[in-house]
Structures are given as structure tokens and as C-alpha cells.
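Some notes on the structure that comes next.
Quick note on labels: first sequence line is chain A, next is B, and so on, each numbered from 1.
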2 protein chains.
Amino acid sequence: MTAIDATPRVCSVARTLEVVGEKWSLLAIREVFLGARRFEEMVVNIGAPRDTLANRLRTLVDAGILQRRRYSDRPPRDEYVLTDAGRDLYPVIISLMQWGDRHLPLESGPPMRLAHECGSPLHTHLACDSCGGRVDRSTVRRIDAAG
Amino acid sequence: MTAIDATPRVCSVARTLEVVGEKWSLLAIREVFLGARRFEEMVVNIGAPRDTLANRLRTLVDAGILQRRRYSDRPPRDEYVLTDAGRDLYPVIISLMQWGDRHLPLESGPPMRLAHECGSPLHTHLACDSCGGRVDRSTVRRIDAAG
DNA sequence: TACGGTCAGTCCGGAATTCGGACTGACCAA
DNA sequence: TTGGTCAGTCCGAATTCCGGACTGACCGTA
């Protein structure tokens, strides 16, 4: 008996993108990483419609990626901070930035320069938590679920 | 004299997302990484409207991330393969997948199981190309452009 | 040579989303 | 009382996305 393909593919990439893959979401997360936690800052730094950004922030809070925190009572003002889950998106943001720096360079050089604690300009690769070895297509294999 | 803020922020994350940030784009790239190079496969595995997917593939080819390659002359059939730039998106895809595996788990366990060549199930972190040390918010600092 | 199937799209009109900009409401400072 | 800041909401027009039907090139087979 042949099973019918479950389509579309069940995949963590797709499930993650359902949460952070809408337009402006990842830029809002970038802003919080950069320390711009207030709505007004995000609007100008991102260039998103206020409307849409307010919706995205709601979605990210509901998803447990951002948390609203009151920083002023009079007038009532909230800021957005990263949860643990939000902080775990750091590799996604950095990987996107590194790709842009490499493949969409500006004449003026990288618009935001980062350095590792070792002193070098930041260039990264993925490494295995267990052995520390480089992770790329050639060092990863798929384990097929046995039936 | 005070300079007027350049808004929105000039940023490689934003420039990268202009190319790969539209709905379905990253899933199309995922498919090619997984070996599904043909249009029809992508339609069923992704679940995107054929219409929209055809547009995304055009955009990705124009951006130099995918390349069209003829694999049959009669009937004329093309497949999509990764360019070097496309292969460099591997860390983005893997980071998204790892985040989903951790924060949006399925009862049935991770839908796609990967292993590193060392034998361990794949768990990754970002590492510095220079010193190999872990890259996270606490080990990265921003270098402000001096005026 | 007629029929059915595969593949890679295009075309369609309705539905949903996004857009910029105006507006609201709470508050502060002069 | 006037003006400004901040965090949104509301609006109607413009754009994008959607599922599904269709096209065109070809193959297999009967």
C-alpha cells in the first residue's frame, strides 16, 4: 500500500517563516537587537507603514518572540524586548546580514560593521555544537525516517 | 549643524530581504537545497500558487541566486540549480530550521532529521571565521563609523 | 491518429494585504 | 493655550496573492 504524499512538505523552515516571514517582521527583530525598542524608532528605522508594523509587533508578541514592557506610566509607554526565543533568532539575522554584505555590497562598504571579541571583523560560519566542525552542505547528511 | 537622519536604516539585512524576503522565496531555495529542482515538485512541496512561484523563481534567477539549466530538449524542460551565491544562503536556511525545531516543536519530533558528519544530530551555532569562537550577542560588538 | 498523461508555466477575477497619510488620545513643557 | 512627542488607529486606493482553469510542447500506447 502506497502512502499518499503529505503535501505541502512538513518543515521547520516553513513553520518558522509563518511566524517571522511576513514583510517587516525580521526587520523589527533586527531593530530590537540593535537596541531600538520603541515603536516610533522602529517606524523611522525600518520605513514600514505604522499600521503594518503595529500588526507585526502584535504577531511577534503573540508568538513569544517579543515581550511588551512598560517603561513609563505617565504617559503610558511600552517598549519591546526580546524573549529567549527571540534571542535565538540572532543567527538568522546575522546570517542574512553576512549574505548581504558579501553578495549585495555597497560601494561605501558594509553599512554596519561588527567585530568579534577576538578583534577580527565579523565573518561567520555555522559550526556543530558537538564537534565544533564546520556545518555546510557537504558535512551534513539527512537521516531518513524509517517506516 | 545637525545632519538629518537617513531613514530608513541602510542595512544588509534589509537589502537581503528585498531579494529573498518575499513570501515563498526562501521555501523555493529550501527545495533546491533538498534536491527538488523542478517547477512541478516545488509547487507540490511548497504549496504555493503556481503563479506566484513562477514569479519568485524569476526574481531569484535575476538576483543570481538560482540558475536555470536545461535538462531535456524534447520536450523543453528546465530545472533550477543554486549558484555560489545561492549556496551561501545555507546558513540562513539551517538557522531558520533549527529555530523552528526548538521553538515550534511537533509532537512527532523534528520533521526532517539531519546529522553532522561527526555523527551527532545537527545542532549548530555561529562561529567566528578567525578564531572559531562562538558568535552571539555577548561576543559581538559594533564598530561605529567615525565621522 | 486519437486519447490520455506529464511538465512548466500563463491567465483570470475575486479576496486579502499593504500603502501613505490623516487622525486620535494621553501626556509634557513653555 | 499652543505646540510637541509617542504609540498607535483609521481610511480608501493600490498592489499582491489566491485557487483554479487553461495553454502548449511533448511522450506513450493502442
Side-chain angles (χ1 to χ4, degrees), chain A residues 2 4-9 14 17-29 31-32 34-63 66-82, chain B residues 2 4-9 14 17-29 31-32 34-63 66-82:
Chain A
T2 337
I4 296 165
D5 294 24
T7 66
R9 199 195 279 280
L17 288 173
E18 269 171 38
V19 178
V20 300
E22 286 175 300
K23 200 169 177 184
W24 308 121
S25 290
L26 283 166
L27 293 184
I29 294 165
E31 284 305 305
V32 183
L34 293 175
R37 291 186 273 267
R38 301 202 309 284
F39 183 79
E40 205 65 27
E41 290 177 286
M42 295 193 206
V43 167
V44 306
N45 290 338
I46 297 175
R50 315 174 68 79
D51 206 356
T52 309
L53 182 61
N55 280 327
R56 292 298 173 271
L57 290 170
R58 253 190 296 275
T59 303
L60 293 171
V61 168
D62 290 350
L66 298 180
Q67 194 184 344
R68 265 177 100 132
R69 194 173 62 184
R70 177 133 307 189
Y71 70 91
S72 154
D73 274 322
R74 209 153 303 94
R77 294 274 183 271
D78 296 310
E79 61 184 356
Y80 296 88
V81 295
L82 291 160
Chain B
T2 338
I4 295 164
D5 294 22
T7 66
R9 200 194 280 279
L17 288 173
E18 270 170 38
V19 178
V20 301
E22 286 176 298
K23 201 169 177 184
W24 309 121
S25 290
L26 283 165
L27 293 184
I29 294 165
E31 285 305 306
V32 183
L34 293 175
R37 291 186 273 268
R38 301 204 308 283
F39 184 80
E40 205 65 27
E41 289 178 285
M42 295 192 206
V43 168
V44 305
N45 289 339
I46 297 175
R50 314 173 69 79
D51 206 354
T52 308
L53 182 61
N55 280 327
R56 293 298 175 272
L57 290 170
R58 254 190 296 275
T59 303
L60 293 172
V61 168
D62 291 349
L66 297 180
Q67 195 182 343
R68 265 177 100 132
R69 195 174 59 185
R70 177 134 307 190
Y71 70 91
S72 155
D73 273 322
R74 207 151 302 91
R77 293 273 183 271
D78 295 311
E79 62 184 356
Y80 296 88
V81 296
L82 291 161

- Ignoring hydrogens and angles, tell me if any N or O in the side chain of Arg70(B) forms a donor-acceptor pair with the backbone of Pro76(B) under 3.5 Å. no
- Task: Please tell me if the side chains of Lys23(A) and Thr52(A) come closer than 4.5 Å, counting only heavy atoms from C-beta onward.
- Result: no
Between protein and nucleic acid, restricted to nucleotides 27-30 of chain D and to nitrogen or oxygen atoms under 3.5 Å apart, what atom pairs and distances do you find?
{"from": "dC27(D)", "atom 1": "OP1", "to": "Arg74(B)", "atom 2": "O", "distance (Å)": "3.4"}

- When you check the phosphate oxygens OP1 and OP2 of dC18(D), does a side-chain N or O of Trp24(B) lie under 4.0 Å from one of them? yes
- If only side-chain N and O atoms of Arg50(B) are considered, is one of them under 4.0 Å from the OP1 or OP2 phosphate oxygen of dT23(D)? no
- Looking at Val20(A) and Ser25(A), what are the two nearest heavy atoms and their distance? O-CB, 3.4 Å
- Polar pair under 3.5 Å, donor/acceptor by atom type, side chain Asp78(A), base dC6(D): no
- Query: Is there a side-chain polar atom (N or O) of Arg58(B) under 4.0 Å from OP1 or OP2 of dA8(C)?
  - Reply: no
- Query: Within this structure, what is the CZ-to-C1' distance between Phe39(A) and dT9(D), rounded to whole angstrom?
  - Reply: 9 Å
- Query: Starting at CG of Leu57(B) and ending at C1' of dC7(C), how long is that distance when rounded to a whole Å?
  - Reply: 14 Å
- When only distance counts, do a donor and an acceptor, one from the side chain of Asp51(A) and one from the base of dC10(D), lie under 3.5 Å apart? yes
- Item | Side chain of Ala54(A) (C-beta onward), nearest among dA25(D), dT9(D), dC17(D) | dT9(D)
- In whole Å, what is the span from the CZ atom of Arg70(B) to the P atom of dA25(D)? 13 Å
- Message: Rounding to an integer number of Å, can you tell me how far Tyr80(A) OH sits from dC6(D) C1'?
- Response: 12 Å
- Note on the structure: Atom CG of Asn55(B) and atom P of dC17(D) are separated, to the nearest Å, by 8 Å
- Message: I want to check one thing: is the phosphate of dT16(D), taken as OP1 and OP2, less than 4.0 Å away from some side-chain N or O of Lys23(A)?
- Response: no
- Given atom CD of Glu22(B) and atom P of dC18(D), what is their separation to the nearest angstrom? 11 Å
- Query: Separation of Glu40(A) atom CD from dG4(D) atom C1', in whole Å?
  - Reply: 12 Å
- Note on the structure: When rounded to whole Å, the CG to P distance for the pair Leu53(B) and dT16(D) reads 17 Å
- Please check the phosphate of dC7(C) (OP1 and OP2 only) for any side-chain N or O of Ser72(B) closer than 4.0 Å. no
- For Arg56(B) and dC17(D), is the shortest distance between a side-chain N/O and OP1 or OP2 below 4.0 Å? yes
